[in-house]
Protein chains: 2
Amino acid sequence: MHNLPDLSIRQLEYLIAVAEENTWADASDAVGVTPSALSQGLAELERRVGVPLFDRVGRRRMLHPNAEILLDHARQVISLTSDLAKWSDRMRNADEGTIRIGMIDIAAVNYFQGVLKDFRNDHPSLNFHLKVSPSRPLVEALQGGQLDLIVCIEPEEKIKGIEIEPLLTETLSIYKPGGGPLGPPSEWGPWVLFPESSNTRKIISAALKERGSSVNVVADSPQPEVLKEMVNLGIGWTVLPNVQAEAGPRPLIPSSILGTRNLIVASRKNAAQSPAIISLLEALKEQLD
Amino acid sequence: MHNLPDLSIRQLEYLIAVAEENTWADASDAVGVTPSALSQGLAELERRVGVPLFDRVGRRRMLHPNAEILLDHARQVISLTSDLAKWSDRMRNADEGTIRIGMIDIAAVNYFQGVLKDFRNDHPSLNFHLKVSPSRPLVEALQGGQLDLIVCIEPEEKIKGIEIEPLLTETLSIYKPGGGPLGPPSEWGPWVLFPESSNTRKIISAALKERGSSVNVVADSPQPEVLKEMVNLGIGWTVLPNVQAEAGPRPLIPSSILGTRNLIVASRKNAAQSPAIISLLEALKEQLD
DNA sequence: CATAATAGTTTAGTTTTTCTTAACAATAAA
DNA sequence: TTTATTGTTAAGAAAAACTAAACTATTATG
């Protein structure tokens, strides 16, 4: 490619200013520099273009006909740059661009419902995507680049290329049909729990075993509402985050705390975060105060 | 107006290079700088735009989706600048633009005929204007900005705002019907000369008076061909530049040298001279060697 | 006409930007 | 593990861009 002259945005602005203002002094005022800077800048512009641009008429300077072409160029470049500046402003205000986030149900429905709603209201022209699903698919989508930020259960081990940050700790309680005291762990159950693939299921199984309960599972579902319903129907006992179990139209009554699980936010390590993502992340953390 | 980010042509070239080349090292090769310069330049670009542009994937860096918009901008600006560079190249080679020159007849027809022809051949796409007329109107057109360069008779006094440079000195000779020796000055004439308004006429009148001849003018014309014809018809004597009098189909025979006049080139003082003008001026001078 | 005012330039010196070289960190390959 | 590759950071040199102030040339004014 040709070796292009490095005409700076500044120099082009100078040119437009002298074309629009009456005197170079006015022009230098208009662009906010000293007359000296303007004079030197335009001399440099003329040198770089390599074509005479200005005539001297008395002590005034006038645009040479040659300058018309360059002036036209300047206006085009400035216009493009101005559009770009507007775009980057909107990007910085998270009013433009795409935000693709993932959340597990409890985060989207219970903890951050309000944050999500407010965020969408505050940034109506932002291209917004929310995927609600269990932690594992979320992590995979994050790794695959389909999502930029997820809120999920803390994974058992570190995942390569993924950066996590703790968000909150939830209490998991035991719920039995009708509520009331539990009795000895050996007599607990049977259980209605999250599926085996679930991270929370692993936490629950481990905790139950540690307490001395067998983990006799008669039904499973990834949906907490389904588990609740089964407890209400007397099919079995369950373990759920308190927030989920005790909310909604037919809440369960907790019998005892079994343990905790941690919610985290995760993003690809070293991935550049758009302002929109940063903004949402801040809102998530703020919600917890 | 908004305060625009000063994105340099160089930085935009860097961005295009990393978009087109496989690695940043290749890109830095392509634009002819060290990897360090490329890295720092792009970091500065990112900082000025204020929006993340690059992701890190392993040890490679990839364009962030955000960068697409900026890339598009870069390509447009580079394309515009490239067009401009081509234009300025053509301007410098005097293959573009407008050249408006004036010449007195003897310059256009006798002295610089070949120069003008060659110049037009060498610069076919140049917008070329030649005005042939007596010196005075040429000077006025130069002052008024309708011409950029003129070749004319040296004016008696300096003209404000006009810069002159001597070109050549012509011999003016006396021509009488039939030729032959002149006899005593008191018996010279009657005369057929340029009009009184003419600069050359003033030179001739003064020289004749100094020799002791009366200046009895029976006919005048600004056209040397007309004066020649009148001498040939025996209407009177004349004084002409040798070149004009002795060229053409019906040349006159010189009787004696009367004096000289100077041809000059003139241009507006301090006016920026286009490359085309400079180029023609050089050709004019070269012709005289 | 001399004097003052105005328009723009030049000079000198400072700050900012951009570049290079060299050392460095991180990842991928052997 | 060692080695090569890819890109970044640090330090310093070079270039560019700016300001203040002195300067030149032109125009206006008493």
Side-chain angles (χ1 to χ4, degrees), chain A residues 3-15 17-49 52-64 67 158 160-163 268-272, chain B residues 3-15 17-19 21-49 52-64 67 143 158 160-163 268-272:
Chain A
N3 214 13
L4 298 180
D6 201 347
L7 312 182
S8 77
I9 300 289
R10 222 71 232 294
Q11 287 165 355
L12 298 180
E13 284 179 317
Y14 290 176
L15 183 68
V18 299
E20 288 178 350
E21 303 292 326
N22 228 325
T23 69
W24 285 32
D26 288 349
S28 68
D29 254 17
V31 293
V33 295
T34 59
S36 169
L38 186 91
S39 176
Q40 295 177 67
L42 288 175
E44 182 61 24
L45 177 67
E46 194 173 32
R47 205 187 60 69
R48 288 187 191 173
V49 175
L53 299 176
F54 307 103
D55 276 332
R56 235 169 275 259
V57 176
R59 69 190 173 193
R60 315 286 298 276
R61 294 205 84 177
M62 310 290 289
L63 287 189
H64 191 280
K158 297 228 150 58
K160 189 180 151 119
I162 298 291
E163 203 165 23
R268 276 188 304 288
K269 201 182 282 177
N270 292 324
Chain B
N3 217 13
L4 298 179
D6 201 347
L7 312 181
S8 77
I9 299 289
R10 221 71 232 295
Q11 288 164 354
L12 299 180
E13 285 179 316
Y14 290 174
L15 182 69
V18 298
E21 303 292 327
N22 229 324
T23 68
W24 285 32
D26 289 350
S28 69
D29 253 16
V31 294
V33 294
T34 59
S36 170
L38 187 91
S39 175
Q40 294 177 65
L42 287 175
E44 181 61 24
L45 177 67
E46 194 173 31
R47 204 188 59 69
R48 288 187 191 173
V49 175
L53 299 177
F54 308 103
D55 276 333
R56 234 168 276 257
V57 176
R59 69 188 173 194
R60 317 283 299 274
R61 297 205 80 177
M62 310 290 292
L63 287 189
H64 191 280
Q143 284 185 299
K158 298 227 141 80
K160 192 179 149 113
I162 299 292
E163 203 165 22
R268 276 188 304 286
K269 201 182 284 180
N270 293 323

**OP:** For B:Ala37 and for B:Arg47, find the nucleotide of DNA chain C with the closest heavy atom, then tell me which residue's nucleotide is more 5'.
**Re:**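 Looking at DNA chain C, the more 5' nearest nucleotide goes with B:Arg47.
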Subject >> Between CG on residue A:Asp6 and CZ on residue B:Arg10, distance to nearest 0.5 Å >> reply: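 A:Asp6 CG to B:Arg10 CZ: 7.0 Å, rounded to 0.5 Å.
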Original post:
What distance separates A:Trp24 CH2 from A:Ser36 OG, expressed to the nearest 0.5 Å?
Top reply: 12.0 Å
If I take atom [atom1] in residue [X] and atom [atom2] in nucleotide [N], what distance separates them, rounded to the nearest angstrom?
X: A:Phe54; N: C:dT9; atom1: CZ; atom2: C1'; value: 14 Å
X: A:Glu21; N: C:dG8; atom1: CD; atom2: P; value: 12 Å
X: A:Asp6; N: D:dA15; atom1: CG; atom2: C1'; value: 12 Å
X: B:Ile9; N: C:dT17; atom1: CD1; atom2: P; value: 18 Å
X: B:Leu45; N: C:dT17; atom1: CG; atom2: P; value: 14 Å
X: A:Glu44; N: C:dT18; atom1: CD; atom2: P; value: 14 Å

**OP:** Measure the shortest side-chain to side-chain distance between A:Ile162 and A:Arg268 over non-hydrogen atoms and say whether it is less than 4.5 angstrom.
**Re:** yes
Original post:
Can a side chain N or O of B:Arg48 be found less than 4.0 Å away from OP1 or OP2 on C:dT16?
Top reply: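 Result: no.
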Subject >> Sugar-phosphate, base or nothing in reach of A:Tyr14, heavy atoms under 4.0 Å >> reply: sugar-phosphate
Between the side chain of [X] and the main-chain N/O of [Y], is any donor-acceptor distance below 3.5 Å?
X: B:Gln11; Y: B:Ser8; value: yes
X: B:Glu46; Y: B:Pro52; value: no
X: A:Glu20; Y: A:Ala17; value: no

Subject >> Sugar-phosphate or base contact per nucleotide [nucleotides 5-14 of chain D; S, B, -; heavy atom under 4.0 Å] >> reply: BSSSBB----
